[in-house]
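Quick notes on the structure that follows.
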Amino acid sequence: DEMDVDTIWQNGEFVDWEDATTHVLTHGLHYGTGVFEGARAYNTEEGTAIFRWEEHLDRLYASGKPYEMEIPFTKEELSEATLELLRRQDLKSAYIRPIAYYGYDSLGVSPRDCPTDVAIACWPWGAYLGEEALENGIKVMVSSWRKHSSSQIPTNAKTTGLYVNSLLAGEEARRNGCAEAIVLNKEGNVAEGPGENIFLVRDGEIFTPGLSQSILDGITRDTVITLAREMGYTVHDQAVISRGELHTADELFFTGSAAEVTPIRQVDNVEIGSGSRGPVTEDLQTAFFDLVERRTDDHDEWFTYV
Ligand SMILES: Cc1[nH+]cc(COP(=O)(O)O)c(CN[C@@H](CCC(=O)O)C(=O)O)c1O
């Protein structure tokens with residue numbers, strides 16, 4: 001049926017979902033040596049379009065650089081494969097997951113003779129933190145786990161191995177009745193979520209940590225900064241946000257390709273602002289969804305139509 005996914009692109013071929021496998025001695029499985037992306041294709045008024053695909057592709061290749069990972073396909077080849085994958089499965093909207101990883105040859109930390117394997121999958125994915133979260137906001141807690149420092153491992157590379165830190169933080173939050181965690185960096189200041197960037201609103205101005213705070217250079221973060229400035233907001237995009245400022249914020253929200261724009265209504269035991277989605281958050285969330293669903297026609301360069 002229309003939303004059924006049964007095909008994956010793997011190393012140049014379209015294969016059946018169940019045949020898209022890898023060897024148990026794959027380097028990436030043992031050592032976290034993979035880089036990946038998460039992008040969304042939206043069912044816009046002009047048809048299905050991937051949002052900021054170029055930027056996601058650029059980041060995929062850039063993420064491999066610290067690990068000397070050479071992706072053995074061009075950006076054009078990966079783009080054509082992705083568009084074909086969406087067409088073949090007739091997906092009007094989808095979450096797109098490209099991954100490149102050191103494959104199967106020999107083990108040992110050095111990937112010396114390992115191939116770089118590449119796969120692209122896509123599937124329907126609704127609201128990352130739940131449909132009602134987008135409207136009502138979520139409850140989060142500050143994790144007892146700190147984010148790894150960018151001086152210890154490149155946090156601006158979307159590396160599979162990093163996500164064990166995200167798992168530790170996120171699962172701790174969910175065990176404690178929260179939807180998600182906020183992760184502080186080694187210095188004890190606010191970094192981001194396990195899978196999201198974070199924004200703070202105070203006295204009508206918008207703040208978000210910069211790359212120096214050990215965060216992923218989020219594409220949705222960049223989108224919201226751009227839209228906010230176009231809407232006349234003052235945005236501080238290299239902010240250093242202390243933990244205490246979380247509790248006295250007027251508004252907080254997460255951004256991400258999966259999370260989109262998700263309001264945060266409570267941190268630990270403290271309600272944020274009115275304890276629900278704040279007015280600036282709603283303003284930006286509306287602008288974001290009007291943009292990605294093409295109810296506004298600016299930033300057309302951000303859309304790759306299927
Ligand atoms: C650590 C982290 N920080 C920020 C972001 C937001 O980046 P961007 O998508 O470019 O705006 C993401 C994306 N998290 C991806 C993976 C989520 C998952 O569960 O896996 C995503 O949102 O697709 C992160 O993983």
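Atoms within a ligand are numbered from 1 in the order they appear, just like the ligands themselves. All figures in this text were calculated on a predicted structure; none of them were measured in a lab. Here, residue 1 is the first one in the sequence, and each next residue gets the next number.
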Can you pull out the closest protein heavy atom to atom 19 (O) of ligand 1? Residue, atom name and distance to 0.1 Å, please. Tyr128 OH, 2.6 Å
Protein residue, atom and distance nearest to atom 25 (O) of ligand 1, heavy-atom basis: Tyr163 OH, 2.7 Å
Hey, does Ser166 sit under 4.0 Å from ligand 1 if you only count heavy atoms? no
For Arg294, which residues count as a salt bridge (Lys or Arg N to Asp or Glu O under 4.0 Å) partner, sequence neighbours excluded? Asp300
Sequence neighbours excluded, the answer for side chain to side chain contact (heavy atoms under 4.5 Å, CB included) partners of Asp6 is Gln89
Is Tyr95 in polar range of ligand 1, meaning some N or O pair under 3.5 Å apart? yes
Under 4.0 Å from a heavy atom of Lys158: give me the atoms of ligand 1 that qualify, with their elements. 12 (C), 13 (C), 14 (N), 15 (C), 16 (C), 24 (C), 25 (O)
So which bit of Asn197 gets within less than 4.0 Å of ligand 1, heavy atoms only: side chain, backbone, both or neither? both
State the atoms of ligand 1, each with its element, that fall below the 4.0 Å cut-off from a heavy-atom position in Ser257. 8 (P), 9 (O), 11 (O), 22 (O), 23 (O)
Report yes if some N/O of Thr220 lies less than 3.5 Å from some N/O of ligand 1; otherwise report no. yes
Enumerated ligand 1 atoms positioned under 4.0 Å from heavy atoms of Gly218: 7 (O), 8 (P), 10 (O), 11 (O)
Quick one: which ligand 1 atoms are inside 4.0 Å of a heavy atom on Ala258? 21 (C), 22 (O), 23 (O)
Residue, atom name and distance, where the atom is the protein heavy atom closest to atom 20 (O) of ligand 1: Arg97 NH2, 2.9 Å
Just go through Glu196, Arg59, Arg40 and tell me whose heavy atom is the nearest to atom 4 (C) of ligand 1. Glu196
